[in-house]
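Working notes, structure below.
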Amino acid sequence: MRFSRKVIVAVAAGAVIASVISFVAPSAYAAWTTSTAATFTQAVPSSAPAGIGAFLTCTTAKTGNTSHLTWAAAPATFDGMPFLGYYIEWIYSSGPSNGTTILTASRTGAYADPTITGMTGTSIIHVTAQYGTATNTWSSAASSNYNFTVSTDGQASPVCSPTK
Amino acid sequence: MMKLTRWRKLAILTSIVVFIVGASTTASWALWSINDTASGSVTAGSVNLTANGSATTVGLATLTTAAEGAGSTQTQPVTLLNAGTLPLTYTTVFAATESLAAGQTGAPVVGDNIAYVAWIATSTTTCTASSTAVKTWTGTLNTGTTTWGTGRALAAGASEVLCIRTTMAASPPMAIIGQSVSATLTFTGTNS
């Protein structure tokens, strides 16, 4: 049986095309890929809690060298977070120990009871309201400061300065 | 010269088509089922990588916070499962994008103040905030892209647990208020 030149050319062309495809196809499918993703977004409150309420009272007791400060309660919630408590810092505000922390405390009640025996200078009560949970807290942006003055020898009754 | 009848032309054309299809089809399967070819049975495999059961995008609820607080920590596992029938290797790319609060200008600082650590945990139950496992990848949620790992092998049906923990700085600056950061972990599996 004899084939015409056209048939031979057609068969040869087919073989070439098949060869090309057989080499090209594997490289096109060589790497099968799959992809998936996991996402998260972390945001902070849209604003910081405001400073706590106004200073209310300050009483002193000479015999015990004690004082009692109270302030208006902070709002119950902030940005959906519950009130957690107050962070109270008692700090020297003058003299050689200026800036030294005397005592820190946390409580939910809106008061502080500093005892001044042995105090040697003027101090300040710095109160910050905290919201959130024990492991996720936000403190008020502007803490409230209460001046608290004692005599220079540290033995006299404290003098409260009812100002913020 | 031999005259081509209609049947001869059809036979030649059919031969060419069969040759082309056969050549191309066999070659494309040969890469990942060459042993099966010897037995005469060719089975197409599949590649499918899932994260926490999703083959598309899954949200990490525990790591997502609306009012992230100072010093707070979130930890969450991501289970990567090779749900296909072919073995694969995968690459993890971590990308974060920070956003300013409305009306803010300048560069965001939220990313600087949230650190992350990530590691391969032995199981989801060991992916905890107190885990002391060696942390393979560490950094902060600054805007940018980081590759956490390349070429991690997963056999067909196998899985492993990526554990991620984020921690907000104990005393972040007030400039952080109102800012947020979105992060995406993209897992790309390859069979080759």
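Note that the structure is a prediction, hence the values are computed from the model and not measured. In what follows, chains carry the letters A, B, and so on, assigned in the order in which the sequence lines appear, proteins first and then strands, with residues in each chain numbered from 1.
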**Message:** Is B:Thr56 in contact with chain A via its backbone, its side chain, both, or neither, using a 4.5 Å heavy-atom distance?
**Reply:** backbone

**Prompt:** Side chains of B:Thr166 and A:Gln42: do they bring a donor and an acceptor to under 3.5 Å?
**Reply:** yes

**Request:** Please report the shortest heavy-atom distance between B:Ser182 and A:Thr41, naming the atom on each side.
**Result:** OG-OG1, 3.0 Å

**Request:** Select one option (side chain, backbone, both, neither) describing which atoms of B:Ala183 are under 4.5 Å from chain A's heavy atoms.
**Result:** both

**Asked** Highest number of heavy-atom pairs under 4.5 Å with chain A: which of B:Thr50, B:Thr186, B:Val181?
**Response** B:Val181

**chain A contact via B:Thr57 - side chain, backbone, both or neither, heavy atoms under 4.5 Å** = both

**Item:** B:Ile120 reachable from B:Val117 in the ILVMFWY side-chain graph, under 4.5 Å edges
**Value:** no

**Region of B:Ala66 that comes under 4.5 Å of a non-hydrogen atom in chain A** = backbone

**Asked** With hydrophobic residues grouped by side-chain heavy-atom distances under 4.5 Å, do B:Phe94 and B:Ile114 end up in a single group?
**Response** yes

**Item:** pair A:Thr39-B:Leu60: side-chain heavy atoms closer than 4.5 Å
**Value:** no

**Fill in**
Note: A:Val44 and B:Gly178 closest approach over all heavy atoms is CG2-N, 3.3 Å

**Fill in**
Nearest heavy-atom contact between A:Ala37 and B:Phe187 is CA-CD1, 4.4 Å

**Message:** Is there a continuous path of hydrophobic side-chain contacts, each under 4.5 Å between heavy atoms, that joins B:Val161 to B:Leu81?
**Reply:** no

**Complete:** Rounding to 0.5 Å, atoms CH2 (A:Trp32) and OG1 (B:Thr190) come to a distance of 12.5 Å

**Message:** Tell me the closest heavy-atom pair linking B:Thr188 and A:Ser35, and the distance in Å.
**Reply:** OG1-OG, 3.6 Å

**Message:** Do B:Val58 and A:Phe40 have side chains that approach each other closer than 4.5 Å (heavy atoms only, starting at C-beta)?
**Reply:** no

**Request:** Give a yes or no on whether B:Ile176 and B:Leu63 share a hydrophobic cluster (residues Ile, Leu, Val, Met, Phe, Trp, Tyr; joining criterion: side-chain heavy atoms under 4.5 Å apart).
**Result:** yes

**Message:** Using every non-hydrogen atom in the two residues, find where B:Val47 and A:Thr33 come nearest and quote the distance to one decimal.
**Reply:** CG2-O, 4.1 Å

**Prompt:** Are A:Tyr111 and A:Ile91 connected in the hydrophobic side-chain network, where two residues link if heavy atoms are under 4.5 Å apart?
**Reply:** no

